[in-house]
Amino acid sequence: MSTTADPLDALAGLPGVPDSVDSVRKAVDRVYGHRIMRRRSNEITSEAALRGARGSAALSGAEWALEEVRRRSDFSGDGEARTVGAALRLTAEAGQLLSIWRQSPLRVLARLHLVAAADADGTAGRPRLAGEPVEEPLVELELPDADEVAGRLEGLSQLIIAGSAAPALVMAAVVHGELLSLRPFGSHNGLVARAAERIVLVGSGLDPKSICPAEAGHAEQGRAAYVAALDGYASGTPEGMAAWIAYCGRSVELGVRESTAVCEAMQRGAA
């Protein structure tokens with residue numbers, strides 16, 4: 001990795017990426033300018049967190065109705081319930097880790113996995129070792145070995161700590177794509193990758209109140225589209241990388257649409 005150039009500059013300049021960045025920025029600005037945001041932003045944030053957690057859980061195989069997620073208080077039952085519970089815990093935890101992310105991203109990732117795994121054994125909160133299995137049925141990419149994982153995690157950590165002038169969307173897409181391609185933990189990698197994406201989007205200032213749930217947008221586009229876009233990222237080609245960034249941008253815009261609809265519903269109720 002170059003020490004004199006921003007390694008994300010080339011990605012930010014790929015065909016179509018500037019348009020995606022501009023479209024996301026305009027969409028986010030519109031929802032932040034909604035009149036309801038001036039008085040009830042905390043409610044919008046809470047609702048976005050719920051919808052984001054539901055979307056992330058759906059991509060990990062637990063496709064629950066929003067009202068079921070809202071209604072339930074016990075998530076200790078079957079595998080789907082535990083997945084939804086993990087997604088909710090991660091969404092809550094992500095907001096507590098913003099100040100640590102830029103100084104110690106690997107520490108944050110370890111914490112996210114520990115929170116997601118909850119009742120797991122001693123492998124929770126640490127990257128997998130050689131020979132340890134990975135449970136991530138949605139992703140069928142070739143699994144990097146433990147040494148490659150360690151090296152690429154260190155590279156990602158250095159990139160985050162050094163900072164970048166690239167748009168937040170580009171950094172968030174890279175963090176998400178890299179973590180899901182690596183699957184550094186024995187389980188819950190998708191949930192952790194999407195929580196890390198949220199941390200970047202919020203911590204960068206693009207979505208400081210966390211009201212644009214990209215996870216909901218990922219889920220709305222469907223699991224097949226998610227996997228296809230990730231394949232593009234993993235290919236490492238300019239076209240594949242650009243397509244993944246554009247896909248992530250569309251997910252943010254769909255998250256904006258979710259929160260805009262919530263704002264509109266609140267406004268009608270207040271009229």
Side-chain angles (χ1 to χ4, degrees), residues 42-98 108-121 123-125 133-140 172 175-176 179-180 183-202 207 210-227 229-230 248 251-252 254-259 261-262 265:
N42 288 343
E43 293 173 71
I44 305 299
T45 295
S46 295
E47 185 65 19
L50 189 72
R51 293 174 183 235
R54 173 188 175 270
S56 192
L59 287 170
S60 288
E63 298 188 42
W64 285 19
L66 181 62
E67 290 309 314
E68 178 66 9
V69 178
R70 196 191 307 279
R71 181 188 68 81
R72 289 281 287 268
S73 58
D74 180 7
F75 298 95
S76 62
D78 61 17
E80 286 196 6
R82 291 194 296 273
T83 295
V84 174
L88 289 167
R89 291 193 302 273
L90 282 177
T91 300
E93 187 74 13
Q96 309 301 313
L97 298 172
L98 292 170
V108 168
L109 293 175
R111 175 61 185 169
L112 290 174
H113 187 252
L114 194 63
V115 167
D119 59 351
D121 58 24
T123 66
V134 174
E135 182 184 350
E136 199 68 48
L138 178 62
V139 181
E140 297 182 352
V175 167
H176 183 175
L179 291 174
L180 199 50
R183 285 147 291 164
F185 303 105
S187 63
H188 301 93
N189 288 288
L191 293 175
V192 169
R194 292 184 288 275
E197 178 187 48
R198 172 177 285 271
I199 288 173
V200 175
L201 293 171
V202 174
D207 180 23
S210 195
I211 62 168
C212 307
E215 307 97 319
H218 293 313
E220 183 171 340
Q221 294 190 76
R223 299 177 83 186
Y226 187 64
V227 170
L230 179 65
C248 290
S251 294
V252 175
L254 290 171
V256 167
R257 190 174 72 179
E258 288 264 328
S259 288
V262 172

Colleague: Taking only residues two or more places apart in sequence, or in another chain, which ones meet Tyr226 in a ring-ring contact (aromatic ring centres under 6.0 Å, His included)?
Modeller: His176, His218
Colleague: Determine whether Val256 and Ile211 make a side-chain contact, defined as any pair of heavy atoms from C-beta on separated by less than 4.5 Å.
Modeller: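 Not in contact.
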Colleague: With sequence neighbours excluded, tell me which residues meet side-chain contact (heavy atoms from CB on, under 4.5 Å) with Val134.
Modeller: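 Val134 satisfies side-chain contact (heavy atoms from CB on, under 4.5 Å) with Arg128, Glu136, Leu143, Arg183, Asn189 once adjacent residues are dropped.
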Colleague: What are the two closest heavy atoms between Ser60 and Thr83, and how far apart are they?
Modeller: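 Shortest heavy-atom contact: CB-CG2, 3.8 Å.
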Colleague: Just to verify, what does Asp78 make a side-chain contact (heavy atoms from CB on, under 4.5 Å) with, not counting sequence neighbours?
Modeller: Glu80, Ala81
Colleague: Scan for salt bridge (Lys or Arg N to Asp or Glu O under 4.0 Å) pairs involving residues 210-222, sequence neighbours excluded, and state none if there are none.
Modeller: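 Applying salt bridge (Lys or Arg N to Asp or Glu O under 4.0 Å) to every pair that reaches into residues 210-222, excluding sequence neighbours, yields Arg198-Glu215, Glu220-Arg257.
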Colleague: Applying side-chain contact (heavy atoms from CB on, under 4.5 Å), can you list everything that pairs with Leu98, at least two apart in sequence or on another chain?
Modeller: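 For Leu98 the side-chain contact (heavy atoms from CB on, under 4.5 Å) partners, ignoring immediate neighbours, are Ile199, Val202.
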Colleague: If I compare all heavy atoms of Ala86 with all of Leu191, which pair ends up nearest, and what's the gap?
Modeller: CB-CD1, 3.8 Å
Colleague: When you compare the side chain of Ser259 with that of Pro213, does any pair of heavy atoms fall below 4.5 Å?
Modeller: yes
Colleague: CG/Leu88 to OG/Ser56 distance, rounded to the nearest 0.5 angstrom?
Modeller: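 Output value for this atom pair is 10.0 Å.
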Colleague: Excluding sequence neighbours, so at least two apart, what forms side-chain contact (heavy atoms from CB on, under 4.5 Å) with Ala92?
Modeller: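 Ala92 satisfies side-chain contact (heavy atoms from CB on, under 4.5 Å) with no other residue.
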Colleague: For Ala117 and Ala124, work out which heavy atoms get closest and say how close.
Modeller: CB-CB, 3.8 Å
Colleague: Only one of Leu138, Val227, Val139, Val175 forms a side chain to side chain contact (heavy atoms under 4.5 Å, CB included) with Leu180, so which one is it?
Modeller: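 Option passing the side chain to side chain contact (heavy atoms under 4.5 Å, CB included) with Leu180: Val139.
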Colleague: Take Leu109 and Val192 through the test side chain to side chain contact (heavy atoms under 4.5 Å, CB included) and record every step on the way to the result.
Modeller: CA-CA 7 Å; Leu109 293 175; Val192 169; 4.2 Å; yes
Colleague: Can you list every salt bridge (Lys or Arg N to Asp or Glu O under 4.0 Å) pair that touches residues 48-69, not counting sequence neighbours?
Modeller: Glu47-Arg51, Arg51-Glu258, Glu67-Arg70, Glu68-Arg71, Glu68-Arg72
Colleague: Please test Phe185 against Thr123 for side chain to side chain contact (heavy atoms under 4.5 Å, CB included), starting from the C-alpha separation and ending with a verdict.
Modeller: CA-CA 8 Å; Phe185 303 105; Thr123 66; over 6 Å; no
Colleague: Could you walk me through whether Val200 and Glu197 pass side chain to side chain contact (heavy atoms under 4.5 Å, CB included), step by step?
Modeller: CA-CA 5 Å; Val200 175; Glu197 178 187 48; 5.9 Å; no
Colleague: Which residues pass the side-chain hydrogen bond (donor to acceptor under 3.5 Å, both in side chains) test with Ser76, sequence neighbours left out?
Modeller: Asp74
Colleague: I need the minimum non-hydrogen distance between Ser251 and Ala214, along with the two atoms involved.
Modeller: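 Heavy atoms of Ser251 and Ala214 come nearest at CB-O, 3.6 Å.
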Colleague: Listed by chain and number, what are the salt bridge (Lys or Arg N to Asp or Glu O under 4.0 Å) partners of Glu135, not counting sequence neighbours?
Modeller: none
Colleague: So, taking the atom named CG in Leu59 and the one named CZ in Arg223, what distance separates them when rounded to the nearest 0.5 Å?
Modeller: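 One gets 7.0 Å once the value is rounded to the nearest 0.5 Å.
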Colleague: What salt bridge (Lys or Arg N to Asp or Glu O under 4.0 Å) pairs are there with at least one residue in residues 185-196, not counting sequence neighbours?
Modeller: none
Colleague: Rounded to the nearest 0.5 Å, what separation is found between the OG1 atom of Thr91 and the CG atom of Leu50?
Modeller: 8.5 Å
Colleague: Compare all side-chain heavy atoms of Leu112 with those of Leu90 and state whether any distance is below 4.5 angstrom.
Modeller: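 In contact.
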Colleague: Work out which heavy atom in Arg89 is nearest to a heavy atom in Ala118; give both atom names and the distance.
Modeller: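 Distance-wise, the nearest heavy atoms are NH2-CB, 3.4 Å.
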